[in-house]
Peer 1: 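Pasting a structure below so you can have a look.
Both ligands and their constituent atoms are indexed starting at 1 by order of listing. Quick caveat: nothing in here was measured; it's all calculated off a predicted structure.
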Amino acid sequence: MAAAEAGADVKRGLGLFALGVYLFLYAPIVVLAALSFNESRSSATWEGFTFAWYLKLLQNAQVMQALRTSLIVAFVSTVVSTLLGTAAALAFHRHRFRRAGWLEALFALPIVVPEIVIASSLVLLYAALSLRLGLVTVVLAHVAFSVSYVVVVVRARLAGFDRTLEEAAMDLGAGPWRTLFAVTLPLCAPAILAGALLAFALSIDDYVITSFVAGVGSTTLPLQIYSMVRSGVSPEINAVSTLLLLATSLLLLAAHLLERGRPARLCAAPAGLGLALLAGPFLLGGPAAAGGERTLNLYIWSNYIAPETLAKFEARHGVKVNVDLYDSNEALLAKLQAGNANYDVVCPSNYAVAILARQDLLLPLDLSALPNLAHVDPAFLDRPHDPGNRLSIPYFWGTTGIAYRKSRTGPIDSWNALWDPRFAGRILMLDDARETLGAALLLDGRGVNEEHPAALGRARQRLLAQKPLVRTYNSADFDQVLLAGDVWLAQGWSGQFAKAMDQDPDIEYVVPKEGSSFFLDSLAIPRGAPHPQLAHAFLDFVMEPEIAAEICATMRYSTPNRSARALLPAAIRDHPAIFPPADVMKRVELLEDVGEATVLYDRLWTEVKSAR
Ligand code: N2P
């Protein structure tokens, strides 16, 4: 009796445990799906049921374009990997050759090798082959990893395959090809289809590898979702994630049913539904951008140019501008150093211009194509990072400082505030090696271009001590995090903070009394840019006084363009955060190339970020 009761207890316990495991696995997904139907933009409150986010999705051109790219990549890579994988599986099944076991094991390798390893080795391979990153490199990468799955699935089916059927066909006079098409393939069809569906789902879903091998114009849906998440999770993202989840689950279900040998009719329903979910928006969305159209590929800081300005350039030149965004010079350097990024125009800070120049990664400019350079204030020309402006033209400048919520913090004038335990959990720091170490160096009485390892080591200690107080490191939408009230103090760059001040009078910006850095960001053309002429036209366009003024007025970073400044409304021209008074300018120092110490900065910053 007691034993029976104990048995029941164990059963109940196990049941609860299983429930816990499933909750752990699926609760986040359920929450995400539910919130995609929430009328409210914020995830904090439920304001009612709506399909609005799904409709908005259909109108989002970027998402639709990314979906199309994903479908093209998935379709092509599935066809290729299914053909190759099936052929390989048949070869292994049929022929016993030397080292077959080893060769077969090699096929399973991409399944177990960490994605990040595959990704970086592909990048190296492509660079060695001088293949430009784009749609082709993404498709090749997807074939490389999905072929393994096809081999494994088809091979498993063949293991239980009755060879006598093939032999019977041959005995009855069928040749090898006839046997293949009339007997072998039809019998393996479910496994081949299952492999194909798996390959398709993997391709649609891949982020890590794709993010390494994608170039301009090959942004897939997962890449698009990630770049949207970086500026806050919106219900639109929940909606697109829910669709993606549903579609891939249906495809996997179909693959599973096929593998189990269920009748084709049964498997067709989930497969068809999954494909329809993906293809529906594809067909409903507007037409894809014409392929042959001339495009300018722009790689620029986020919050650095408004879509309406780009639209003007597009209209004037009858071209399309493709924009990719980054939030650190290091990200830009990594892309250009990888060698085949395909960008026409990039926007490095002065010290990054120096690094790129040293590595000969920038195209010398044809200054005769840039008459509007005459509008730029000579104070910003011919600087040490690029003597004679052979490689770059100044685009924006600005200061680094602290923005804070007055009502919460009281007046602030020192970097010490970001180390003040009273503000624990309410502090945001830039996610940037030079800027964070720079602030710590200033507190130590050093400069932002320090190269001495001992001083840098102390700065790292300071940042480690600060880390428990920091809510988040963010170089992208630090202004939004402050506006939302999630933090009370934020290190960040002037332009976005000047905008935030306009939106909320409780926000103030200060360049701390210990001093700070300022930056001068330039436009340049990478070597190997596919459209150098158009790139020059773009550089000249942004230096046109009206355009430069528009760019400054919309983004609120400081324009180095003298003629443009004269066109600006007084509220911007005299804004102390945008064009700081002389006493502030006296205590800021331009971030310079620190040569050999660059690697040290990167290492120390990585140490701070990975410390617990
Ligand atoms: C804009 C970042 C400013 C660039 N999001 C600082 N170099």
Peer 1: Centres of the Tyr326 and Trp301 rings: under 6.0 Å?
Peer 2: yes

Peer 1: Is the centre of the Phe497 ring less than 6.0 Å from the centre of the Phe478 ring?
Peer 2: yes

Peer 1: When you measure from the centre of the six-membered ring of Tyr601, is the NZ or CZ of Arg434 closer than 6.0 Å and no more than 45° off the axis?
Peer 2: yes

Peer 1: I need the contact type for Asn329 against ligand 1. Using non-hydrogen atoms and a strict under-4.0 Å cut-off, is it side chain, backbone, both or neither?
Peer 2: neither

Peer 1: Rounded to the nearest 0.5 Å, what separates atom CG in Leu381 from atom OG in Ser392?
Peer 2: 9.5 Å

Peer 1: Examine Arg573 relative to Phe579 and say whether NZ or CZ is less than 6.0 Å from the centre of the six-membered ring and inside a 45° cone about the ring axis.
Peer 2: no

Peer 1: Please work out whether any backbone atom (N, CA, C, O) or any side-chain heavy atom from C-beta onward of Phe396 is under 4.0 Å from ligand 1, and answer side chain, backbone, both or neither.
Peer 2: neither

Peer 1: Which of the numbered atoms in ligand 1 are below 4.0 angstrom from a heavy atom of Tyr304?
Peer 2: 1 (C), 3 (C), 4 (C)

Peer 1: With heavy atoms of Asp521 as the reference, note each atom of ligand 1 found under 4.0 Å away.
Peer 2: 4 (C), 6 (C), 7 (N)

Peer 1: Tell me which protein heavy atom sits closest to atom 2 (C) of ligand 1, plus the residue, atom name and distance to 0.1 Å.
Peer 2: Trp493 CE3, 3.4 Å

Peer 1: Less than 4.0 Å is my threshold; does some heavy atom of Met555 fall inside it relative to ligand 1?
Peer 2: no

Peer 1: Does Trp53 reach the main-chain N or O of Asn38 with its side chain, forming a donor-acceptor pair under 3.5 Å?
Peer 2: yes

Peer 1: Give the numbers and elements of all ligand 1 atoms closer than 4.0 Å to a heavy atom of Ser349.
Peer 2: 7 (N)

Peer 1: Considering heavy atoms of the protein only, find what lies nearest to atom 5 (N) of ligand 1 and give residue, atom and distance to 0.1 Å.
Peer 2: Ser302 O, 2.5 Å

